[in-house]
Number of protein chains: 2
Amino acid sequence: MSDIAKAAGVSPMTVSRAFKADASVGKKTREKILKIAEEMGYVFDSTASNLRSQKSGFVAATIPSLNNANFADTVRGLNEAMRDKGLQLLLGYTDYNVENEERLIEQLLRRRPEAMVVTGGRHTDRARRLLLNASIPVVETWDLPEDPVGHTVGFSNADAMAQLVEHLHASGARRLAFIGGDDNGDTRGADRRKGFVSKARALGLEYRLVSLGAPPVSMREGARAMAELLDGDTQPDAVLCVSDLAAFGVLTECQRRGIDVPGEMMIAGFGAFDLAEISVPTLTTIDAHAYDIGARTGALLAEILRGDSPQDGAPSIMRIRPTLKVSRSTAAK
Amino acid sequence: MSDIAKAAGVSPMTVSRAFKADASVGKKTREKILKIAEEMGYVFDSTASNLRSQKSGFVAATIPSLNNANFADTVRGLNEAMRDKGLQLLLGYTDYNVENEERLIEQLLRRRPEAMVVTGGRHTDRARRLLLNASIPVVETWDLPEDPVGHTVGFSNADAMAQLVEHLHASGARRLAFIGGDDNGDTRGADRRKGFVSKARALGLEYRLVSLGAPPVSMREGARAMAELLDGDTQPDAVLCVSDLAAFGVLTECQRRGIDVPGEMMIAGFGAFDLAEISVPTLTTIDAHAYDIGARTGALLAEILRGDSPQDGAPSIMRIRPTLKVSRSTAAK
DNA sequence: GTGAAAGCGCTAACAA
DNA sequence: TTGTTAGCGCTTTCAC
């Protein structure tokens, strides 16, 4: 910057101001400075700027995995909301593991993000402490934590799945199976399974649970689980899955075996992936509005960070309403 | 840090060293310092560290979109390779647009990344200049640029698609159609189309091209394009798609119309998405080894950044060999 | 609208 | 093994 200052015959301070759109610099002076900077191939060093101004321009986010269209959609929503505000997303992948999450949160906090977005409402004690101590806005997403760390943009995974069970019951299903949602990291999946179990019980329905192994859930595992189920003694008349990917795997297994869907077997998934809307038959699913979760989180943070409320007032809870999308795969007989 | 120093009765410098695993500090001193730091809820400020040491610990990467399992896989491979080296990935999304890419590259360079990974080999002139001036290692991926900016980890999209055309020809297809690959941003898609056209010509095959609109390509658009094709005058006997997602959409359209695949219509995609391996029938595709592209890029950068070769020697070109995965959807009659 | 002085929180370089 | 000094490249603050 001082090189530019010399070349332009001004002080470094004026050069600094020339780069800020809202700073008061003579129009001609600014143009001259910017021109010289471009010619010199100068690239602003935000590292130094961040240190001095104590603002990193970062919003950090942890997500379980990128290889999941739902979380990718949330990130897209978040990113679009940040971009306009001149904020940069700093992403970390937890791989569905709260210990990884703790390490990641610590690592991300070292970069002094101005806000932190986490997926899910369950964390290690130390992770909670780190988030609380950071004195920056924190948003938990994709969940409705009992004891939120800060703000919340999410929904009850259990309630959403219960809604799906009701729909299947109303469509005539009596012997249900749930595929996925083991308690090995994916707390949202586990919550969905809980919601399934309690609603199935409440309605007096027969039900079975099939495990899938460690997340992320793949289509192939869904197919394998379905094969296991079909090779067993008692056959369900409807299968609910922790995600649409597993549900599609289930559908393909039915296709391979010549089982009619929904005639002989109803299938439902979760997440409203593109796949659910185009497969033959189309899959009944729950749309959790993944993009909106990101977009609303971004809007919330933009508002908090813009407003000069360093210690934000009351933590807000934005309830997302997951939508039941009924399709061919659960059409009543 | 100076607070911790006071509490521990040492100098700030010793505290600083205590946080570096390889620095020489008395074992007891270090333990004491780390304990005090944890109690005080201190979190290391890498902003300041980065400025002073002129090392950001960032590797920046631009990708067209996260909502694409291929790029997500590449990022995963890259991220895993970085993580162990204490490097952080800084991601930007270009949305398949070189002007966006230019803006993004400039923005990312302000963070002073230690290396830069870009998707594709075509950039605006200014973007090229920025990358060249940055004097950091640059890697172009998913392509084989004619005039590389720096290192390359990729393959020829045209050649890969030509390979697929040969396979279809050998399987008995004579009237081909290619769906996707318009020249509106997705240069890799456009290259695939070029490869298709030149090989189809070379083999003396009839062919048609169907556009899809702006990327990213979705399953639905594949289905729509196929409907358009089927409603036309001349019918192909094989359809090649710019991606597996479009190919799956094509398959569903055939299913809806009762067209037998591969009996009446062969289908092939690109990318080796999970979907291709599980759909009924399974889809013939090209595996570009997306994860490996990321992993090898990461390994390359780790090596360069570890080695004290600030100005790296000869730019390396890592050719990835895309693999033809033949499946049911193109089984010979 | 512009400039001078000071310093953000850490660490390179050197000294002990 | 530990400490001292200076400074990374910006921007805050205050002065003009």
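Values reported hereafter were calculated over all heavy atoms of this structure, with side chains retained and with hydrogens, waters and symmetry mates removed. Throughout, protein chains are lettered first and strands after them, A, B, ... in sequence-line order, and every chain is numbered starting at 1.
- Side-chain N or O atoms of B/Thr152 include none that pairs as donor or acceptor with a backbone N or O of B/Gly154 at under 3.5 Å.
- Considering all non-hydrogen atoms of both residues, B/Val98 and B/His123 come closest at CG1-CA, 4.4 Å.
- Taking the six-membered ring wherever Trp is involved, the centroid distance between the rings of B/Phe71 and B/Tyr93 does not fall below 6.0 Å.
- Looking at heavy atoms from C-beta onward, A/Val59 lies in side-chain contact with A/Met82 at the 4.5 angstrom threshold.
- If you check every strand for non-hydrogen atoms under 4.0 Å, B/Thr29 touches sugar and phosphate atoms only.
- Close to C/dG9, at under 4.0 Å from its OP1 or OP2, lies no side-chain N or O of B/Tyr42.
- With rounding to whole Å, B/Met1 atom CE is found 11 Å from C/dA12 atom P.
- Rounded to whole Å, the distance from CG on B/Asn50 to C1' on C/dC8 is 14 Å.
- The CG atom of A/Leu109 sits 17 Å away from the C1' atom of C/dG9 (whole-angstrom rounding).
- Shown are A/Leu130, A/Leu132, A/Leu131; of these, the side-chain contact (heavy atoms from CB on, under 4.5 Å) with A/Val138 is made only by A/Leu131.
- The outermost nucleotides of DNA chain D lying under 4.0 Å from heavy atoms of chain B, listed 5' to 3', are D/dT1 to D/dG9.
- Residues B/Leu108 and B/Ala61 come closest through the heavy atom pair CD1-O, 4.2 Å.
- Residue A/Ser53 is in sugar-phosphate contact alone, with no base atom involved, counting any heavy-atom pair closer than 4.0 Å across all strands shown.
- When the side-chain nitrogen and oxygen atoms of B/Gln54 are compared with OP1 and OP2 of C/dT11, none of them lie within a distance under 4.0 Å.
- We find that CE of A/Met13 is positioned 14 Å from P of C/dG1, with the value rounded to whole Å.
- Both B/Leu51 and A/Pro12 lie close to DNA chain D; mapped to their nearest nucleotides by heavy-atom distance, the more 5′-ward contact belongs to B/Leu51.
- Going from atom CG of B/Asp22 over to atom P of C/dT11 covers 12 Å, rounded to whole Å.
- In this structure, CD1 of B/Ile33 is placed 12 Å from P of C/dT11, rounded to the nearest angstrom.
- Look at CZ on A/Arg110: it is 21 Å from P on C/dC8, rounded to the nearest Å.
- Heavy-atom distances to DNA chain C give each of A/Ala23 and B/Val15 a nearest nucleotide, and the one nearer the 5′ end belongs to A/Ala23.
- When distances are taken from the side chain of B/Arg17 to each of C/dA13, C/dA6, C/dG3, the shortest belongs to C/dA13.
- Here the options are A/Arg76, A/Arg296, A/Glu80, the test is side-chain hydrogen bond (donor to acceptor under 3.5 Å, both in side chains), and the partner is A/Tyr291; only A/Glu80 passes.
- Taking 4.0 angstrom as the limit, B/Ser16 places none of its side-chain polar atoms (N or O) nearer than this to OP1 or OP2 of C/dC10.
- At a cut-off of 3.5 Å, with distance as the only test, a side-chain donor of A/Glu102 or A/Thr124 sits close to an acceptor on the other residue.
- Each of A/Ala48 and B/Lys27 lies near DNA chain D, and the nucleotide nearest B/Lys27 is the one positioned closer to the 5' end.
- Between B/Ser49 and the phosphate of C/dT11, there is a side-chain N or O to OP1/OP2 separation shorter than 4.0 Å.
- In this entry the distance linking CD of A/Glu31 with P of C/dG1 reads 14 Å, nearest Å.
- Between C/dG3 and A/Thr14, a contact under 4.0 Å exists linking OP1 or OP2 to a side-chain N or O.
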